[in-house]
Trainee: 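The structure follows.
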Amino acid sequence: MFLINVEGAVHRGEKWLVIERSHKEEHAAGMLSFVGGTVDHEGASADILERTLRRELLEEVGITVQEKMTYVRNTSFVLADGREVVDIVFLCEWKGGEPFPKSPDEVEAVHWMTTDEVLGHPKTESYFHDNIREADRLRKKTMI
């Protein structure tokens, strides 16, 4: 059985909300990523992915996003302990709150960065490059 993880490609103008993951995290510790988290078991439920992402954004960095979220892409990976994860990324527009590392066990620091800044940063993995490129493509497409 897969774990389901959701991530928010949150933008404010030309910049993306990027976190430096806590060094305590088991996956990608110290690396840059979007904010996200694992979907909880709820039984029968509607909009569980979007609600999970809103909860994670508020719990981890203290922000809210606009109502509309746009699907970006999905991938899968395997954790060091062998658990398999499906990761789903949504494009979100920032609505309110100034982000800060509200959950220090999960977030070391928060940054607003351009796509090029993320792509050139040494603490990024190739999958994050793919996520931000696709999110940026969709952001530009929806602005037209």
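The structure presented is a predicted model; accordingly, all values stated were derived computationally and were not measured. All residue numbers in this chain count up from 1 along the given sequence.
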Trainee: Mind checking side-chain contact (heavy atoms from CB on, under 4.5 Å) for Arg133 and listing every partner two or more places apart, or none if nothing turns up?
Mentor: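 Leu119, His129, Asp130.
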Trainee: Give, for atom CD of Glu20 and atom CE of Met31, the distance between the pair rounded to the nearest 0.5 Å.
Mentor: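 Between Glu20 CD and Met31 CE, I get 9.5 Å after rounding to 0.5 Å.
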Trainee: With rounding to the nearest 0.5 angstrom, report the NZ to OG distance, Lys123 to Ser33.
Mentor: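 The OG atom of Ser33 is 12.0 Å from NZ of Lys123, to the nearest 0.5 Å.
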Trainee: Could you tell me if the side chain of Met113 sits less than 4.5 Å from the side chain of Leu32, heavy atoms only?
Mentor: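 With C-beta onward as the side chain, the pair touches.
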Trainee: Check the hydrophobic clustering (I, L, V, M, F, W, Y; side-chain heavy atoms under 4.5 Å; chains of links allowed) and say if Ile88 and Leu138 are grouped together.
Mentor: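 No, because Ile88 and Leu138 fall into different hydrophobic clusters, even though each may have its own neighbours under 4.5 Å.
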Trainee: Who passes side-chain contact (heavy atoms from CB on, under 4.5 Å) against Pro101, sequence neighbours left out?
Mentor: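 By the side-chain contact (heavy atoms from CB on, under 4.5 Å) rule, Pro101 matches Val107, Val110.
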Trainee: For residues 57-72, pull every pair meeting side-chain hydrogen bond (donor to acceptor under 3.5 Å, both in side chains), keeping only residues two or more places apart or in separate chains.
Mentor: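 Those involving residues 57-72 are Tyr71-Asn74.
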Trainee: Looking at side-chain heavy atoms only, is the closest gap between Arg73 and Thr75 below 4.5 Å?
Mentor: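 Of all side-chain heavy-atom pairs linking Thr75 with Arg73, at least one is under 4.5 Å.
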Trainee: Distance from Lys141 atom NZ to Asp136 atom CG, nearest 0.5 Å?
Mentor: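 Interatomic distance, Lys141 NZ to Asp136 CG, rounded to 0.5 Å: 13.5 Å.
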Trainee: Write down the atom of Thr38, the atom of Arg55, and the distance for their closest heavy-atom approach.
Mentor: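 Closest heavy-atom pair between Thr38 and Arg55: O-NH2, 3.5 Å.
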Trainee: Working to the nearest 0.5 angstrom, can you tell me the gap between Phe77 CZ and Arg83 CZ?
Mentor: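 Phe77 atom CZ to Arg83 atom CZ measures 9.5 Å (nearest 0.5 Å).
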Trainee: Report the C-alpha separation of Glu108 and Arg21 in whole Å, then their side-chain angles, then the decisive distance to 0.1 Å, and conclude whether the salt bridge (charged side-chain N to carboxylate O under 4.0 Å, His left out) test is met.
Mentor: CA-CA 6 Å; Glu108 292 281 332; Arg21 294 173 58 83; over 6 Å; no
Trainee: Using atom types as modelled and distance alone, determine if a side-chain donor or acceptor of Lys102 lies under 3.5 Å from a backbone N or O of Leu58.
Mentor: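 Yes, the answer is positive, given that a donor and an acceptor are paired below the 3.5 Å cut-off.
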Trainee: Quick one: which of Val6, Val10, Val72 gives a side chain to side chain contact (heavy atoms under 4.5 Å, CB included) with Phe90?
Mentor: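 Answer after filtering Val6, Val10, Val72: Val6.
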Trainee: Side chain of Ser45, backbone of Ile48: donor and acceptor closer than 3.5 Å?
Mentor: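 Between the backbone of Ile48 and the side chain of Ser45 there is no qualifying donor-acceptor contact (under 3.5 Å).
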Trainee: Kindly compute the distance separating CG (Leu17) from CG (Leu57), expressed to the nearest 0.5 Å.
Mentor: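 So the gap between those two atoms works out to 7.5 Å.
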Trainee: Could you check whether Glu98 pairs with Arg12 (Lys NZ or Arg NE/NH1/NH2 to Asp/Glu carboxylate O, under 4.0 Å)?
Mentor: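 Arg12 and Glu98: salt-bridged.
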Trainee: Side chains of His121 and Val118: closer than 4.5 Å at any heavy-atom pair?
Mentor: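 A side-chain contact under 4.5 Å is absent here.
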Trainee: Side chains of Met1 and Glu84: does their closest heavy-atom pair fall under 4.5 Å?
Mentor: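 Result no, sub-4.5 Å side-chain heavy-atom pair not found.
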Trainee: Can you list the residues that meet the ring pair (Phe, Tyr, Trp, His ring centres under 6.0 Å) rule with Phe34, with sequence neighbours excluded?
Mentor: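 Counting only residues at least two positions away or on another chain, Phe34 forms a ring pair (Phe, Tyr, Trp, His ring centres under 6.0 Å) with Phe128.
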Trainee: Taking all heavy atoms of Val35 and all of Glu56, pick out the closest pair and write down the distance.
Mentor: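 Nearest heavy atoms, Val35 then Glu56: CG1-O, 4.0 Å.
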Trainee: Are Ile19 and Val89 connected in the hydrophobic side-chain network, where two residues link if heavy atoms are under 4.5 Å apart?
Mentor: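 No, Ile19 and Val89 fall in different hydrophobic clusters.
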Trainee: Are Leu3 and Val86 packed together at the side-chain level, in the sense that at least one heavy-atom pair is separated by less than 4.5 angstrom?
Mentor: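 With C-beta onward as the side chain, the pair stays apart.
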Trainee: Please answer: with hydrophobic residues joined when any side-chain heavy atoms are less than 4.5 Å apart, are Leu91 and Tyr127 in the same cluster?
Mentor: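 As far as the 4.5 Å side-chain criterion goes, Tyr127 and Leu91 are connected within one cluster.
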Trainee: Can you name the side-chain contact (heavy atoms from CB on, under 4.5 Å) partners of Asp47, sequence neighbours left out?
Mentor: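 Testing Asp47 for side-chain contact (heavy atoms from CB on, under 4.5 Å), a comparison that skips the adjacent residues, returns Glu50.
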Trainee: Which pairs, with at least one residue in residues 85-96 and sequence neighbours excluded, count as a side-chain hydrogen bond (donor to acceptor under 3.5 Å, both in side chains)?
Mentor: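 Sorted result for residues 85-96: Asn5-Asp87.
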Trainee: If I take atom CG from residue Asp116 and atom CD from residue Glu14, how far apart are they, to the nearest 0.5 angstrom?
Mentor: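 With rounding to 0.5 Å, CG (Asp116) is 10.0 Å from CD (Glu14).
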Trainee: Heavy-atom distance under 4.5 Å between the side chains of Val85 and Val78, does that happen here?
Mentor: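 Counting from C-beta outward, Val85 and Val78 never come under 4.5 Å.
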Trainee: On a heavy-atom basis, which atom in Gly8 and which in Cys92 lie closest, and how many Å separate them?
Mentor: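 Where Gly8 meets Cys92 most closely, the heavy atoms are CA-SG, 4.2 Å.
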Trainee: Could you report the tightest heavy-atom contact between Arg139 and Trp16, atom names first, then the distance?
Mentor: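 For Arg139 and Trp16, the tightest heavy-atom pair comes out as NE-CZ2, 3.8 Å.
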